[in-house]
Undergrad: 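Have a look at this one.
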Amino acid sequence: MSALARAENVTKVYPVGQVKVPALRGVSLEVAAGEFVALVGASGSGKSTLLHILAALTQPTSGRVFLGGAEYGMLSDGARTTIRRRDIGIIFQRFNLLPTLDALGNIEIAREISGEPPDPVYLQRLVDLLGIGARLEHRPSQLSGGEQQRVAIARALIHHPKLLLADEPTGNLDSKNSQAVLDLLERLNRDFGQTIFMITHNIEAAGIAHRVLHMRDGLLADA
Ligand SMILES: Nc1ncnc2c1ncn2[C@@H]1O[C@H](COP(=O)(O)OP(=O)(O)OP(=O)(O)O)[C@@H](O)[C@H]1O
Ligand SMILES: [Mg+2]
C-alpha cells in the first residue's frame, strides 16, 4: 500500500496573548491508501489540532503535509479549501449539520460545493447503507443524535473523498448508536476501501482500526 496522507515534522503553535501554546511539537505520520488508523491520547494532547491540519482546515506552523503526493499544508486558505472540498471528508463529534437544511439538503450541499455533478445512484447507495431513507426530509432538530451523525457521514462521503477524517465521531452518542456508527465506518473501510483517520477516546472504536497511534503532549508516542 502506498502513502495516501503524510505529515512530516509538523508543528503548531497557538499564540494566546503573550503566551505561545505548542499544540504539536514535531509530528510525522503516514496513512496508507485503504488504511483505517485510530488516534488516541489525553485531552489537550493535540489530536484535533493534527486532524484539522490533515483536513486542510488549519495551516501548520512548520512542517509539511501531503495528500496523494501533493503538498498542501502551507497553501493559502482558498487553495486549501479547494482541496478539502474535493478530496477530504470530515465527521465531527457535534455533527455540525446546517440547521436550516433537511437531511437530504445537508448531504447534497457537500457534493455541490465540491463541484461534482449530482450522482443519484451513489446517493441512494449511501442512504441505504446508512439507513436514513425515511429521514431525508427531516431537519437536524427533528433527528436523533445517531441519525444526525449518519447524515453527517453521508455528507462526508458524497463527493468520494480520498481521506475520511473523524474527530470523536461517537463522542456524543449512546453505546447503541456508537456501535452503529463504528460498524458503518468499519464497513466503509472494508467493503469500499475508504481510507479513514479517526480520533477516539473509545477503546472499542480503536479496536476496529488497523493501527492505533498515541499522542502525548503534542508528539506521537510509540504504543
Ligand atoms: N484555537 C486555539 N487557540 C489556542 N490554543 C488552542 C487552540 N486550539 C487548541 N489549543 C490548545 O492546543 C492544545 C491541543 O488542543 P487539541 O484541541 O488539539 O487537543 P485534543 O487532543 O483534541 O483534546 P480533546 O481530547 O480534549 O479534544 C491544547 O492545549 C489547547 O488548549
Ligand atoms: Mg479534540
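When a ligand or atom number is given, it counts from 1 through the structure's own listing order. Start at 1 with the first residue, then count along the sequence.
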Undergrad: At the 4.0 Å heavy-atom cut-off, does H201 count as touching ligand 1?
TA: yes
Undergrad: For atom 31 (O) of ligand 1, find the nearest protein heavy atom and state the residue, atom name and distance (0.1 Å precision).
TA: V21 CG1, 5.0 Å
Undergrad: Rounded to the nearest 0.5 Å, what separation is found between the OG1 atom of T82 and the OH atom of Y72?
TA: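 Those atoms lie 14.0 Å apart.
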Undergrad: Just go through S43, S45, S48 and tell me whose heavy atom is the nearest to atom 24 (P) of ligand 1.
TA: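 Of the listed residues, S43 has the closest heavy atom.
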Undergrad: Is the distance between the Mg ion (ligand 2) and the nearest N/O/S atom of S48 smaller than 2.8 Å?
TA: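 So S48 does bind the Mg ion (ligand 2) by this criterion.
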Undergrad: Looking at ligand 1, would E168 count as a contact under a 4.0 Å heavy-atom criterion?
TA: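 It does, in that a heavy atom of E168 comes within the 4.0 Å cut-off of ligand 1.
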Undergrad: Is the backbone of P169 close enough, under 3.5 Å, to the side chain of Q149 for a donor and an acceptor to pair up by distance?
TA: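 Side chain of Q149 to backbone of P169, a donor-acceptor pair under 3.5 Å: yes, one is there.
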Undergrad: Would a distance-only check, ignoring hydrogens and angles, find a side-chain to backbone donor-acceptor pair under 3.5 Å from S144 to E147?
TA: yes
Undergrad: Would atom 26 (O) of ligand 1 count as contacted, meaning some protein heavy atom under 4.0 Å?
TA: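 Protein heavy atoms within 4.0 Å of atom 26 (O) of ligand 1 - there is at least one.
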Undergrad: Using heavy-atom distances, let me know which of P15, G41, G46 sits nearest atom 19 (O) of ligand 1.
TA: G46
Undergrad: Are any of the heavy atoms in A42 under 4.0 Å away from ligand 1?
TA: yes
Undergrad: For atom 12 (O) of ligand 1, grab the closest protein heavy atom and report residue, atom and distance to one decimal in Å.
TA: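 Sorting protein heavy atoms by distance from atom 12 (O) of ligand 1 puts A23 CB, 3.4 Å first.
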Undergrad: Atom 28 (C) of ligand 1: which of G44, G171, G17 has the nearest heavy atom?
TA: G44
Undergrad: Answer with side chain, backbone, both or neither: which part of V16 has a heavy atom less than 4.0 angstrom from an atom of ligand 1?
TA: side chain
Undergrad: Give, for atom OG of S45 and atom CG of L50, the distance between the pair rounded to the nearest 0.5 Å.
TA: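 S45 atom OG to L50 atom CG measures 9.5 Å (nearest 0.5 Å).
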Undergrad: Supply the atom-to-atom distance K47 NZ to H201 NE2, rounded to the nearest 0.5 angstrom.
TA: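 Output value for this atom pair is 4.0 Å.
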Undergrad: Which residue, I107, L126, L104, forms the side-chain contact (heavy atoms from CB on, under 4.5 Å) with I132?
TA: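 Filter result, single survivor: I107.
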Undergrad: Within the side chain of Q148, is there an N or O that forms a donor-acceptor pair under 3.5 Å with the backbone of L143?
TA: yes
Undergrad: Of the protein's non-hydrogen atoms, which lies at the shortest distance from atom 18 (O) of ligand 1, and what is that distance?
TA: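 It is T49 OG1, 2.6 Å.
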Undergrad: Do the non-hydrogen side-chain atoms of R135 and V151 ever get within less than 4.5 Å of each other?
TA: no
Undergrad: Looking only at protein heavy atoms, which one is nearest to atom 1 (N) of ligand 1, and what is the separation?
TA: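 Answer for atom 1 (N) of ligand 1: Y14 CE2, 3.7 Å.
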Undergrad: To the nearest 0.5 Å, what is the distance between CZ (R139) and CG (L98)?
TA: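 These two atoms lie 11.5 Å from each other.
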